[in-house]
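Presented below is the structure to which this report refers.
Nothing here was measured: the structure is a model prediction, and the numbers come from that model.
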Amino acid sequence: MSKQVRVRFAPSPTGPLHIGGVRTALFNYLFAKKNGGVFYLRIEDTDQNRFVPGAENYILEALEWLGISPDETIGKNEKFGPYRQSERKHLYKQYADELINSGWAYYAFDTSEALDFNRKQHEEQGKTFIYNHHNREKLDTSLVISNEETLKRIANNEEYVIRFKTPVGETLHLKDIIRGDVKFETNVLDDKVLFKSDGMPTYHLANIVDDHLMETSHVIRGEEWLPSMPLHILLYRAFGWEAPEFAHLPLILKPVGNGKLSKRDGDKLGFPVFPLEWKTKEGISSGYRESGFYPEAVINFLALLGWNDGTEQELFSLDELVEKFDLNRVHKAGAKFDPEKNKWFNHNYLQMQSDESLGKSYAPFLESKGITISEERLTKLVSLIKERANFVSEFWSLSDYFFEAPISYDEKASKNWKEETPELMQKLIAVLETIEDFTTETIETTVKNWMTENEIGMGKIMQPFRLSLVGALKGPHLFDIAAFIGKQETINRIQKAIISL
């Protein structure tokens, strides 16, 4: 690549950052880092009616939590600042005027009532009203009124918009890195509004001007922006600027049914669609961070939504993703979101954590239950249970019996408690009482030797023994449980089971 790679993530602060937006930010980040370039964040807040307080900070915090912070943004390396579009609004009028003067744009004074009337009239005839070359010289525009009249109406503070004058009868053959050659007919495009009389640009003008001034080399964005590509390319042509390369990412699809993943899907199926929790008066929307996901797991599963490296590998560190990422390996088709697979990713990242760090994460929960345990014992406990966990929040349900004797016994498992079981359990107690060094290895050797010498089947002892300690036929190695809770507690639980069962 001849010029420096500069890519951007340009969200609008209209609410929490959707996981689809995070995937767009991630792919931009990976592309920049792979090519030794710059990943910058621009906040597109020209639509002040939709601005939501707190959304901008949320976006910055989310990217930081995920480990994909921008190289340039508000308050950080502001080489092409400001990075907040509302603070750049003084720039856009001159570019709108430039398009008027070069004949690439025109003033339109149509009222909203007049436009509504035209739409209804077309609907009644079974047609769709498109504001373009078909009718722009029949409507209330500077194309049909004199220059003097136009300037007079602007001076009188009459409301207007500046529309792009789409060329007629052209076929645009455009190149998209992911989709290859894409074709658009200019005759079916509408003349988009670029600038309003309130002094604010629309997305299209501000986006193109900013991308040019900030020296954006590649525009990597969602598939929903593909229909805007011809207008954006035409705007670059109108200004005489070199256009960046475009890449439109596939949609992230619902886990069930058709269509794009939405917050409603998350609410219905019980999984987050936002990186961080989002609070409003209506309630709280869960986030991946607060749900116990590791940021590395979120990055990993998002990277594989629409991209792969051509191998069977599924677990990638961020550094590995940077090394292997290639836009040419991004798929065109939408990628189905799989909440269960996402848990699998988190399970794998949880297993990679040290037992000490997992113990530290689990400790506050135990403290809230009034349970005091040494760091050494907690580390040991975590090593016994973590294999079965997807989240630290599941540790209590996997380990409660280490701290509390069972108060009930699994009904199905209780069928293993036979007529001869109480007598065998009393004999087991006698064997356990002889053990001085109550460690996993000693307990296991002693109990198994006793069973072998007395020709007692494994099932007759091991299942009732586990049921006594746990209350169900679950949990890690049985002798690890006995060693952890200690000799006296082990014997007490067996005696309690003999009475209860």
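- Listed here is the closest heavy atom pair of Ile68 and Phe39: O-CE2, 3.3 Å.
- Taking the six-membered ring where tryptophan is involved, the planes of Tyr288 and Phe337 are perpendicular, since the angle between them exceeds 60° and thus also 30°.
- Around atom CD of Glu420, more than 12 heavy atoms belonging to other residues, nucleotides or ligands sit under 6.0 Å away.
- With hydrogens and angles left out, the side-chain atoms of Tyr203 and Ser12 include no donor and acceptor closer than 3.5 Å.
- Lys380 places no side-chain N or O within donor-acceptor distance of the main-chain N or O of Phe484, the cut-off being under 3.5 Å.
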Next on the checklist: Run the side chain to side chain donor-acceptor pair (under 3.5 Å) test on Asn308 and His331 for me, step by step, so that the C-alpha distance in whole Å, both residues' side-chain angles and the decisive distance to 0.1 Å come before the verdict.
Outcome noted: CA-CA 9 Å; Asn308 68 57; His331 315 148; 3.2 Å; yes
Item to check | Trace of the side chain to side chain contact (heavy atoms under 4.5 Å, CB included) decision for Ile220 with Leu327 | outcome: CA-CA 9 Å; Ile220 305 166; Leu327 278 175; 3.9 Å; yes
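- The minimum heavy-atom distance linking Tyr294 with Asn346 is given by the pair N-OD1, 2.8 Å.
- Between Arg388 and Pro476, some side-chain heavy-atom pair lies under the 4.5 Å cut-off.
- The number of heavy atoms from other shown groups lying within 6.0 Å of CD (Glu242) does not exceed 12.
- Remark: the Asp309 side chain and the Thr311 side chain contain an N/O donor-acceptor pair separated by less than 3.5 Å.
- Side-chain N or O atoms of Glu489 include none that pairs as donor or acceptor with a backbone N or O of Gly486 at under 3.5 Å.
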Next on the checklist: Checking Val219 against Asn207 for the side chain to side chain contact (heavy atoms under 4.5 Å, CB included) test, could you report, in this order, the C-alpha distance in whole Å, the side-chain angles of both residues, the deciding distance, and whether it holds?
Outcome noted: CA-CA 11 Å; Val219 172; Asn207 183 276; 5.9 Å; no
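- Remark: side-chain polar atoms of Gln426 are not paired, donor with acceptor, to backbone N or O of Pro422 under 3.5 angstrom.
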Next on the checklist: Under the criterion side chain to side chain contact (heavy atoms under 4.5 Å, CB included), I'd like the reasoning laid out for Thr24 against His18: C-alpha separation, chi angles, the key distance, then a yes or no.
Outcome noted: CA-CA 10 Å; Thr24 300; His18 186 274; over 6 Å; no
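- Remark: of the listed residues Asp211, Asp210, Thr73, Asp211 is the sole one forming a side chain to side chain donor-acceptor pair (under 3.5 Å) with Arg8.
- Side chain of Lys487 to backbone of Glu433: a donor-acceptor contact under 3.5 angstrom is found.
- Heavy atoms only, all atoms of each residue included: Gly292 and Phe391 are closest at O-CD2, 3.5 Å.
- Glu87 places no side-chain N or O within 3.5 Å of a backbone atom of Pro82 that could act as its donor or acceptor partner.
- Taking the charged nitrogens against the carboxylate oxygens, Glu56 and Arg84 do have a contact shorter than 4.0 Å, which makes a salt bridge.
- Other residues, nucleotides and ligands contribute only 12 or fewer heavy atoms inside 6.0 Å of the NZ atom of Lys192.
- Defined by atom type and a distance below 3.5 Å, a donor-acceptor pair is missing between the side-chain atoms of Thr379 and Asp355.
- Residue Lys89 places its NZ atom among 12 or fewer non-hydrogen atoms of other residues, nucleotides or ligands, all under 6.0 Å distant.
- Contacts of Glu72 classified as side chain to side chain contact (heavy atoms under 4.5 Å, CB included), with partners at least two apart in sequence or in another chain: Arg6, Val38, Tyr40, Asn77, Lys79, Phe80, Tyr83.
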Checklist entry - Would Ser262 and Val273 count as a side chain to side chain contact (heavy atoms under 4.5 Å, CB included) if you check the C-alpha gap in whole Å, the side-chain angles of each, and the deciding distance to 0.1 Å? => result CA-CA 7 Å; Ser262 71; Val273 294; over 6 Å; no
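- Closest approach of Asn416 and Thr421 over heavy atoms only: O-OG1, 3.9 Å.
- No more than 12 heavy-atom neighbours from other residues, nucleotides or ligands sit within 6.0 angstrom of NZ on Lys427.
- Using a 4.5 Å cut-off on side-chain heavy atoms (C-beta onward), Tyr401 and Lys474 make contact.
- Between the Lys34 side chain and the Glu323 main chain, a donor and an acceptor come within less than 3.5 Å of each other.
- Counting heavy atoms from C-beta outward, Gln313 and Glu320 have side chains that approach closer than 4.5 Å.
- Remark: Glu78 CD is packed, more than 12 non-hydrogen atoms of other residues, nucleotides or ligands lying under 6.0 Å away.
- A 4.5 Å side-chain heavy-atom check between Pro16 and Leu276 finds every atom pair outside the cut-off.
- Separating the NZ atom in Lys183 from the CG atom in Leu172 is a distance of 11.0 Å, to the nearest 0.5 Å.
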Item to check | Verdict with reasoning, Glu61 to Arg289, per salt bridge (charged side-chain N to carboxylate O under 4.0 Å, His left out) | outcome: CA-CA 11 Å; Glu61 191 182 338; Arg289 181 176 66 183; 3.0 Å; yes
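- Around atom NZ of Lys268, no more than 12 heavy atoms belonging to other residues, nucleotides or ligands sit under 6.0 Å away.
- Here side-chain hydrogen bond (donor to acceptor under 3.5 Å, both in side chains) pairs that include residues 450-470, with residues two or more places apart or in two chains, number zero.
- In the displayed structure, Glu224 atom CD is contacted under 6.0 Å by more than 12 heavy atoms of other residues, nucleotides or ligands.
- Residues Ile233 and Phe184 have side chains not in contact (no heavy-atom distance under 4.5 Å, counting atoms from C-beta outward).
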Next on the checklist: Assess the residue pair Asn300 and Glu296 against the criterion (side chain to side chain donor-acceptor pair (under 3.5 Å)); give the C-alpha distance rounded to whole Å, side-chain angles, the decisive distance to 0.1 Å, and a yes or no.
Outcome noted: CA-CA 6 Å; Asn300 200 152; Glu296 299 89 348; over 6 Å; no
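- Relative to the ring axis of Phe246, Arg221 does not place its NZ or CZ within 45° and under 6.0 Å from the centre.
- The pair Glu444-Lys448 meets the salt-bridge criterion, with a side-chain N (NZ, NE, NH1 or NH2) lying under 4.0 Å from an Asp/Glu carboxylate O.
- With rounding to the nearest 0.5 angstrom, the CG atom of Asn57 is 11.0 Å from the CD atom of Glu64.
- Between Phe51 and Ser86 there is no side-chain heavy-atom pair separated by less than 4.5 Å.
- Minimum heavy-atom separation, Leu66 to Pro275: CD1-CB, 4.4 Å.
- Ring centroids of Phe325 and Phe27 are separated by less than 6.0 Å, placing the two rings close together.
- Within the 4.5 Å cutoff, side-chain heavy atoms of Leu432 are placed close to those of Val447.
- At a cut-off of 3.5 Å, with distance as the only test, no side-chain donor of Lys386 or Gln353 sits close to an acceptor on the other residue.
- Annotation: cation-pi pair Lys263/Trp278 absent, no NZ/CZ under 6.0 Å from the ring centroid and within 45° of its normal.
- By the 4.0 Å N-to-carboxylate-O rule, Glu314 lies close enough to Lys341 to be salt-bridged with it.
- For the pair Leu473/Asp410, no side-chain contact is recorded, criterion being any heavy-atom separation below 4.5 Å from C-beta on.
- Closest of all the heavy-atom pairs between Val209 and Trp241 is CA-CZ3, 4.1 Å.
- A donor-acceptor pair is defined here as one N or O able to donate and one able to accept, closer than 3.5 Å; no such pair exists between the side chain of Asn35 and the backbone of Gly37.
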